[in-house]
Amino acid sequence: MAATQQYVYPDQDEIRIEAVLAALADPVRLDMVRQLAESETEISCSGFDVAVTKSTLTHHLRTLREAGVIMGRQQGTARYNSLRRKDLDELFPGLLQGVLAARR
């Protein structure tokens, strides 16, 4: 059985609107959040459809995680990411829905 590592991310009461908005302001990160919102399951790091290098993707994932937008976990050699929709909806009602509905 593979060991599971949990990434560090802020507790719900530590999520700040400024950090969330800054994380969502980048077009690549916004696209990644849209992909997570449309997915019925977690997305592995290699499963994102973005045209960036692996190191840049890692940076974007860390930024989203540290802002409290996503949660990440590692299982074996795979890293999985999920959207913190419930936390964001409770803290900032309508924000995520509005951002995701915005014209591309």
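A quick note: this is a predicted structure, and the numbers were derived from the prediction, not measured. Values below: every heavy atom of this structure, side chains too, minus hydrogens, waters and symmetry copies.
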CD1 (Ile70) and CD (Glu42) are apart, to the nearest 0.5 Å, by 10.5 Å
Only one of Val99, Val69, Leu95 passes side-chain contact (heavy atoms from CB on, under 4.5 Å) with Leu88, and that residue is Val69
Minimum heavy-atom distance between Ala37 and Leu100, given as atom pair plus value: CB-CD1, 3.6 Å
Looking at Glu66 and Gly68, would you say the former's side chain and the latter's main chain have a donor-acceptor pair under 3.5 Å? no
All side chain to side chain donor-acceptor pair (under 3.5 Å) counterparts of Gln12, not counting sequence neighbours: Glu90
Set of side chain to side chain donor-acceptor pair (under 3.5 Å) partners for Arg16, sequence neighbours left out: none
For Asp11, what residues pass the side chain to side chain contact (heavy atoms under 4.5 Å, CB included) criterion, not counting sequence neighbours? Asp13, Glu14
Would you give me the side-chain donor-acceptor pairs under 3.5 Å for residues 43-50, sequence neighbours excluded?
unit_1 : atom_1 : unit_2 : atom_2 : d
Ser44  : OG     : Ser46  : OG     : 3.4
Ser44  : OG     : Gly47  : N      : 3.3

Sequence neighbours left out, what passes side chain to side chain donor-acceptor pair (under 3.5 Å) with Thr58? Give chain and number order. none
State which residues pass side chain to side chain donor-acceptor pair (under 3.5 Å) with Thr56; sequence neighbours excluded, sorted by chain then number. Thr53
State which residues pass side chain to side chain contact (heavy atoms under 4.5 Å, CB included) with Ala78; sequence neighbours excluded, sorted by chain then number. Tyr80
Listing, residues 17-33 side-chain donor-acceptor contacts under 3.5 Å, not counting sequence neighbours, or none:
unit_1 : atom_1 : unit_2 : atom_2 : d
Asp26  : OD1    : Val28  : N      : 2.8
Asp26  : OD1    : Arg29  : N      : 3.2
Arg29  : NE     : Ala23  : O      : 2.9
Arg29  : NH1    : His60  : ND1    : 3.1
Asp31  : OD2    : Gln35  : NE2    : 3.1

